[in-house]
2 protein chains.
Amino acid sequence: MNKIENYRHLLRDLEEGLLKELTEKGRILEAKAGQVLLQTGQNIRNTMIVLDGLVKLYRENEEGSEFFMYHLNAGEGCALSLICDRTIKASAVTAKADTDAVLLVVPVEVTENWMRQYRTWYHFVVGTYRKRYEELLETIDHIAFQNMDERLEFYLRRHSKALGTKVLDLTNTQIAQELNSSREVVSRLMKKLSEQGKVRLLKQGIELLKI
Amino acid sequence: MNKIENYRHLLRDLEEGLLKELTEKGRILEAKAGQVLLQTGQNIRNTMIVLDGLVKLYRENEEGSEFFMYHLNAGEGCALSLICDRTIKASAVTAKADTDAVLLVVPVEVTENWMRQYRTWYHFVVGTYRKRYEELLETIDHIAFQNMDERLEFYLRRHSKALGTKVLDLTNTQIAQELNSSREVVSRLMKKLSEQGKVRLLKQGIELLKI
DNA sequence: TGTCGCCTGTGATTTATGTCACGGGCTGCT
DNA sequence: AGCAGCCCGTGACATAAATCACAGGCGACA
């Protein structure tokens with residue numbers, strides 16, 4: 001089990017030869033929820049593609065706060081790890097498995113060549129970069145232009161969409177960290193959202209209603 | 001004048017055939033300082049490379065505030081306009097000539113093919129995307145983790161570096177808009193910086209000292 | 001049962017920032 | 001000269017958010 005073949009539907013856009021190489025040269029990595037996959041400052045030696053589960057990307061500051069950037073869902077690749085040239089650069093972000101996850105890992109020496117060799121790989125990489133760039137833009141919008149209440153709503157919507165569920169198993173503490181805010185603030189805002197009927201606060205987790 | 005040949009030193013990394021195509025299929029665009037080159041919502045039909053002058057990229061919100069993202073210097077390309085696939089997407093940013101500028105403009109139908117055809121073009125595009133992605137990350141750091149005073153210093157440093165001068169001809173009003181703050185706040189902080197000896201406030205402009 | 005470690009809620013206070021309301025300077029135009 | 005349209009600085013105030021201090025709930029475990 002956990003062979004690449006099991007995940008073909010995710011890679012259906014890739015041409016045959018590439019799939020073959022992926023199978024030969026790629027390695028499957030199983031990660032437990034919470035496991036750190038890529039750490040700030042660490043060198044990037046491998047291209048990573050998520051095959052199953054959910055990965056979260058963070059930007060870290062000097063004190064170690066982890067600011068949430070975006071999710072990687074099954075079928076998506078880590079933009080930073082897709083393009084590395086010769087000049088293998090240190091990672092500027094932290095990637096962490098949010099659920100148990102399965103990753104496809106390929107050395108950058110290999111994927112570098114695919115870029116010219118396989119048209120579909122090129123499309124995959126370009127599409128990934130574009131998408132992540134736009135996701136960063138959206139993140140910037142929110143921190144630059146919006147107040148915490150709107151940012152909180154956006155955060156909840158994003159998580160609901162990525163996880164495909166209306167019930168989020170998150171603590172206020174955790175949300176506060178990822179928004180670079182404080183628990184008390186999130187607690188108060190969450191109460192407001194609940195009074196507005198936008199969420200229901202469960203003993204364990206948050207149910208999104210009209211949000 | 002203003003032939004592509006004059007800017008060869010900027011494009012020195014590109015292979016011969018590509019330079020030839022650039023010369024044949026590219027078009028020179030001269031822009032006046034302040035001219036808008038790419039507007040939010042506008043379709044991207046051309047790849048743009050800055051040959052001379054300085055271009056500023058902004059993210060706009062609904063009310064029309066323009067949040068400064070980063071500069072494009074001579075020799076640099078607009079990341080968004082480099083990758084467009086078939087699915088020509090609307091621009092999510094505004095680009096504006098900060099000084100008088102000269103741009104090299106090539107239809108995306110043409111550059112799309114270069115990606116596979118010319119190795120040096122591929123490197124150029126990938127390098128551009130990487131750099132812009134990292135520049136966005138840096139921007140996020142600052143708005144997510146820092147106070148206005150540090151953000152202001154960063155803004156000034158960035159501008160000094162991009163313009164290659166220690167004297168910036170900017171008004172407080174303009175700075176406030178680009179940081180999405182207010183004139184009064186910038187005014188007070190600028191006074192503080194001047195008291196700390198980090199800048200000198202000229203009648204016309206700001207001189208950076210130990211910053 | 002007690003206590004530890006997690007979580008939550010909430011008032012009081014402080015701080016950073018945005019907003020309002022001034023006054024005043026400089027330039028260019030008529 | 002007089003006015004319009006920029007720009008700047010500054011005090012007073014309003015607001016969002018962070019911080020402090022506390023109390024209490026709940027599950028794990030000895």
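First the proteins, then the strands, lettered A, B, ... as listed; each starts at 1. Every value quoted in this text rests on a predicted model; they were computed, and no experiment measured them.
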Who pairs with [X] by side chain to side chain donor-acceptor pair (under 3.5 Å), at least two apart in sequence or on another chain?
X: A/Lys131; answer: A/Glu76
X: B/Glu195; answer: none
X: A/His71; answer: none

Item to check | With A/Arg151 via salt bridge (Lys or Arg N to Asp or Glu O under 4.0 Å) - residues at least two apart | outcome: none
Next on the checklist: Classify B/Asn180 by what it touches in the nucleic acid, base, sugar-phosphate, or nothing, heavy-atom distance under 4.0 Å.
Outcome noted: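 Sugar-phosphate contact only.
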Item to check | Canonical and wobble pairing (Watson-Crick, G-U, under 3.5 Å) of DNA chain C, dot-bracket with | | outcome: ||||||||||||||||||||||||||||||
Item to check | ring pair (Phe, Tyr, Trp, His ring centres under 6.0 Å) partners for A/Tyr58, two or more places apart | outcome: none
Pairs under 3.5 angstrom, nitrogen or oxygen only, protein versus nucleotides 14-16 of chain C, please.
none

Item to check | Whole-Å distance separating the CD atom of B/Gln204 from the C1' atom of C/dT27 | outcome: 11 Å
Item to check | Whole-Å distance separating the CZ atom of A/Arg151 from the P atom of D/dA16 | outcome: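 Going from CZ in A/Arg151 over to P in D/dA16 covers 15 Å.
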Checklist entry - Do A/Phe154 and A/His159 make the cut of ring centroids closer than 6.0 angstrom? => result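 No, the ring of A/Phe154 stays outside the 6.0 Å limit from the ring of A/His159, centre to centre.
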All side-chain contact (heavy atoms from CB on, under 4.5 Å) counterparts of [X], not counting sequence neighbours:
X: B/Lys25; answer: B/Glu21, B/Val110
X: A/Ala101; answer: A/Ala97, A/Leu103
X: B/Arg188; answer: B/Glu184
X: B/Leu202; answer: B/Val167, B/Arg200, B/Glu207

Checklist entry - How does protein reach along nucleotides 3-11 of chain C, written 5' to 3' as B (base within reach of a heavy atom under 4.0 Å), S (only sugar-phosphate), or - (no contact)? => result ----SBBBB
